[in-house]
Amino acid sequence: MAEQQEQAAPDAVLTRIGQVVILHHAGDREEARRRLLDLWTELGEDGDPLHRCTLAHYLADTQDDPSDELAWDLRALTEAESAGGALAVRALYPSLHLNLAADYVKLDRAEAARVHLRRARGAAGELRDDSYGDGVRAELRRLEAWLGEGP
């Protein structure tokens with residue numbers, strides 16, 4: 001029973017994150033940012049790296065300033081790296097690097113964008129053939145075209 005509760009706890013955190021993401025996608029950016037920051041504080045520095053990575057990844061999307069967005073995306077990558085080679089985290093690397101590349105484009109730092117675009121391309125083999133993987137691959141192609149890069 002205790003093992004089942006331990007397994008349910010991470011799902012509960014990801015569910016809470018998902019609920020806030022729905023709020024953000026519905027257009028309430030400020031409230032979503034506030035709730036994600038509250039959850040970030042609640043998890044603390046010793047929180048599960050997958051949870052912290054996911055939170056930072058979505059917190060980046062709620063930022064108004066491209067520099068703040070970059071800072072949160074860098075935190076997401078740092079948390080992913082601290083989680084080791086877990087399968088769930090490896091599947092996030094293409095998206096994490098793609099977001100960083102897009103951040104650098106917004107900040108007019110094309111060379112840094114190209115570095116992360118290449119890393120996203122290198123990690124894309126971890127993507128499944130599903131709607132998530134298709135979406136990340138489509139965004140990868142879009143950014144490659146924007147930066148004049150190809151596979």
Side-chain angles (χ1 to χ4, degrees), residues 9-128 131-149 151:
D11 292 342
V13 172
L14 292 177
T15 297
R16 289 173 63 197
I17 295 169
Q19 290 168 338
V20 178
V21 169
I22 290 169
L23 179 69
H24 177 235
H25 288 169
D28 199 343
R29 185 183 188 119
E30 291 295 323
E31 182 63 16
R33 180 173 38 230
R34 186 189 66 74
R35 288 184 189 191
L36 290 171
L37 284 169
D38 288 349
L39 188 50
W40 180 264
T41 300
E42 182 182 321
L43 288 178
E45 290 181 24
D46 295 327
D48 181 286
L50 175 60
H51 295 159
R52 288 175 52 89
C53 172
T54 304
L55 265 172
H57 183 63
Y58 286 117
L59 266 162
D61 294 340
T62 67
Q63 301 306 305
D64 297 322
D65 183 299
S67 295
D68 293 336
E69 185 175 359
L70 173 63
W72 280 108
D73 278 331
L74 287 169
R75 279 188 188 126
L77 182 61
T78 298
E79 292 297 333
E81 290 169 345
S82 75
L87 180 61
V89 173
R90 286 196 323 259
L92 292 175
Y93 277 110
S95 180
L96 294 172
H97 284 293
L98 200 54
N99 283 1
L100 285 164
D103 294 342
Y104 285 120
V105 165
K106 290 175 192 172
L107 294 167
D108 209 19
R109 295 176 57 191
E111 193 49 45
R114 286 184 179 93
V115 166
H116 284 283
L117 181 63
R118 287 190 290 274
R119 289 178 182 165
R121 192 182 306 127
E126 295 291 334
L127 295 170
R128 288 191 247 161
S131 61
Y132 173 76
D134 292 345
V136 172
R137 282 186 287 274
E139 187 62 21
L140 181 60
R141 288 188 299 274
R142 187 193 71 73
L143 200 51
E144 285 173 340
W146 178 263
L147 289 169
E149 291 261 321

- [ ] Flag yes if more than 12 heavy atoms outside Asp64 fall under 6.0 Å of its CG atom; otherwise flag no.
- [x]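 Result for CG/Asp64: enclosed.
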Task: Exceeds 12 heavy-atom contacts within 6.0 angstrom, atom CG of Asp108 - done: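 At most 12 heavy atoms, drawn from other residues, nucleotides or ligands, come within 6.0 Å of this atom.
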- [ ] For Leu100 and Asp103, run side chain to side chain contact (heavy atoms under 4.5 Å, CB included): C-alpha distance rounded to whole Å, both residues' side-chain angles, the deciding distance at 0.1 Å, then the answer.
- [x] CA-CA 5 Å; Leu100 285 164; Asp103 294 342; 4.1 Å; yes
Open item on the list: Run the side chain to side chain contact (heavy atoms under 4.5 Å, CB included) test on Leu140 and Leu117 for me, step by step, so that the C-alpha distance in whole Å, both residues' side-chain angles and the decisive distance to 0.1 Å come before the verdict.
Closed with: CA-CA 7 Å; Leu140 181 60; Leu117 181 63; 3.3 Å; yes
Distance-only donor-acceptor hits, side chain of residues 76-90, under 3.5 Å, sequence neighbours excluded:
{"from": "Thr78", "atom 1": "OG1", "to": "Leu74", "atom 2": "O", "distance (Å)": "3.0"}
{"from": "Glu79", "atom 1": "OE1", "to": "Arg52", "atom 2": "NE", "distance (Å)": "3.3"}
{"from": "Glu79", "atom 1": "OE2", "to": "Arg52", "atom 2": "NE", "distance (Å)": "3.0"}
{"from": "Glu79", "atom 1": "OE2", "to": "Arg52", "atom 2": "NH2", "distance (Å)": "3.0"}
{"from": "Ser82", "atom 1": "OG", "to": "Glu79", "atom 2": "O", "distance (Å)": "2.8"}
{"from": "Arg90", "atom 1": "NE", "to": "Glu126", "atom 2": "OE1", "distance (Å)": "3.4"}
{"from": "Arg90", "atom 1": "NH1", "to": "Gly85", "atom 2": "O", "distance (Å)": "2.6"}

Task: Note: Glu144-Arg141 ion pair, threshold 4.0 Å (strictly below) - done: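 Between Arg141 and Glu144 there is no salt bridge, as every charged N stays at least 4.0 Å from the carboxylate O atoms.
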Open item on the list: Between Asp28 and Arg35, is the side chain to side chain contact (heavy atoms under 4.5 Å, CB included) condition met? List the steps.
Closed with: CA-CA 11 Å; Asp28 199 343; Arg35 288 184 189 191; over 6 Å; no
Rounded to the nearest 0.5 Å, what separates atom [atom1] in [X] from atom [atom2] in [Y]?
X      : Y      : atom1 : atom2 : answer
Thr62  : Glu69  : OG1   : CD    : 9.0 Å
Leu98  : Arg137 : CG    : CZ    : 12.0 Å
Asp48  : Leu14  : CG    : CG    : 8.0 Å
Leu36  : His57  : CG    : NE2   : 11.5 Å
Arg142 : Leu147 : CZ    : CG    : 9.0 Å
Trp72  : Ser67  : CH2   : OG    : 14.5 Å

Open item on the list: Test your reading of the model: is there a side-chain donor-acceptor pair from Ser95 to the backbone of Leu92, 3.5 Å cut-off?
Closed with: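 Checking the backbone N and O of Leu92 against the side chain of Ser95, no donor-acceptor pair under 3.5 Å is found.
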Task: Residue pairs passing the ring pair (Phe, Tyr, Trp, His ring centres under 6.0 Å) test where at least one lies in residues 75-126, sequence neighbours excluded - done: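 Pairs touching residues 75-126 that pass the test: His97-His116, Tyr104-His116.
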Task: Contact summary for Leu143 and Ala102, nearest pair of heavy atoms - done: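 Scanning both residues completely, I find the closest heavy atoms to be CD2-N, 3.9 Å.
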Can you give each donor-acceptor pair under 3.5 Å made by side-chain atoms of residues 16-27, sequence neighbours left out, with the distance rounded to 0.1 Å?
{"from": "Arg16", "atom 1": "NH1", "to": "Glu42", "atom 2": "OE2", "distance (Å)": "2.8"}
{"from": "Arg16", "atom 1": "NH2", "to": "Glu42", "atom 2": "OE1", "distance (Å)": "2.9"}

